[in-house]
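Written below as structure tokens is the structure these notes are about.
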Amino acid sequence: MSSLISQDEIHHETSFVWLEDISVLDYVRQSLDRLPTRRGRPPYHRDGRMVGYAVLSAGAKASPGSGTFRRRVFWLLPHDRDSAPEGLYAISTPAEAIDPGSLAPGAKGLRPPRAANQPRHTGTGRPPADRDGAAVG
């Protein structure tokens, strides 16, 4: 789950590869997967679809026991809001959901606004500001 991902687990991220337009998504699910490489498209074995993944720096070290790298993978399930707007997550989000506009390599990202009428995050890694510069969301 997103809340269990710590900053030190993702500090070697250099970029994200997005497989679709995230500007139209209210949220994406994220997980920290054990993968055999630092780069490249990882295998995907969940229901739904992979939306994107993290690329790690050359300095990222593999786990001594398994030889794998921990990389974030972003994904959605068939019953998520983008496919079922009136469904289970019409006004809520799953525990591992992150607002894709708040994501940046090496940064955890922010939980998405729960109500559809709240503003989306701006893509700067910070929530949007109101006219006076105060954080919103």
Kindly give the heavy-atom pair with the smallest separation between [X] and [Y], and that separation in Å.
X: Pro85; Y: Ala90; result: O-CB, 3.3 Å
X: Pro105; Y: Ser15; result: CG-CA, 3.6 Å
X: Pro43; Y: His45; result: CB-NE2, 3.4 Å
X: Pro78; Y: Ser83; result: O-CB, 3.3 Å

Listed by chain and number, what are the side-chain contact (heavy atoms from CB on, under 4.5 Å) partners of Arg41, not counting sequence neighbours?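 Testing Arg41 for side-chain contact (heavy atoms from CB on, under 4.5 Å), a comparison that skips the adjacent residues, returns Leu19, Met50, Tyr53.
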
In terms of side-chain geometry, is the basic nitrogen of Asp80 or Arg49 positioned less than 4.0 Å from the acidic oxygen of its partner?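 No, no charged N to carboxylate O under 4.0 Å.
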
Would you list the atom pairs, donor with acceptor, under 3.5 Å between side chains in residues 60-67 and any protein atom, with sequence neighbours excluded?
unit_1, atom_1, unit_2, atom_2, d
Ser66, OG, Thr68, N, 3.3
Ser66, OG, Thr68, OG1, 2.6

Do [X] and [Y] have side chains that get closer than 4.5 Å, going by heavy atoms?
X: Leu110; Y: Ile98; result: no
X: Val73; Y: Pro42; result: yes
X: Glu13; Y: Val55; result: no
X: Glu96; Y: Ser31; result: no
X: Ile10; Y: Arg72; result: yes

Intermediate values then yes/no, side chain to side chain contact (heavy atoms under 4.5 Å, CB included), Arg29 and Leu77: CA-CA 9 Å; Arg29 294 172 185 253; Leu77 291 174; 3.5 Å; yes

On the 0 to 90° scale, with breaks at 30° and 60°, tag the Phe74-Phe16 ring pair as parallel, tilted or perpendicular.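 Ring orientation of Phe74 relative to Phe16: perpendicular.
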
Report yes or no: does Lys108 contribute a side-chain atom to a donor-acceptor pair with the main-chain N or O of Ile5 at less than 3.5 Å?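 Pair found, side chain donor or acceptor close to backbone of Ile5.
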
Check: Asp33 side chain, Leu35 main-chain N or O, donor-acceptor pair, under 3.5 Å: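 Judged by distance alone, no pair lies under 3.5 Å.
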
Stacked cation flag Arg46 on Trp75, 6.0 angstrom / 45 deg: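 Positive - Arg46 is close enough to the ring of Trp75 and near enough to its axis.
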
Check whether Leu25 and Leu103 end up in the same hydrophobic cluster, where Ile, Leu, Val, Met, Phe, Trp and Tyr are linked by side-chain heavy atoms less than 4.5 Å apart.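 Yes, because Leu25 and Leu103 connect within a single hydrophobic cluster, where side-chain heavy atoms sit under 4.5 Å apart.
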
Is it true that Val28 and Leu88 fall in one hydrophobic cluster, defined by side-chain heavy atoms closer than 4.5 Å?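 Val28 and Leu88: one cluster.
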
Calculate, to the nearest 0.5 Å, the distance between atoms OH and OG belonging to Tyr27 and Ser92 respectively.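 The distance works out to 7.5 Å.
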
Taking atom CD as the centre, does Gln7 end up with more than 12 heavy-atom neighbours from other residues, nucleotides or ligands that are less than 6.0 angstrom away?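 Enclosed.
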
Side chain to side chain contact (heavy atoms under 4.5 Å, CB included) between Asp26 and Asp82: does it pass, once the steps are laid out? CA-CA 8 Å; Asp26 290 332; Asp82 71 303; over 6 Å; no

State, without any angle test, whether Thr37 and Arg71 hold a side-chain donor-acceptor pair at a distance under 3.5 Å.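 Arg71 and Thr37 do have a side-chain donor-acceptor pair below 3.5 Å.
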
Under 3.5 Å, is there a donor on one side chain and an acceptor on the other for Thr93 and Arg111?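 There is such a pair (donor and acceptor under 3.5 Å, judged by atom type) between the side chains of Thr93 and Arg111.
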
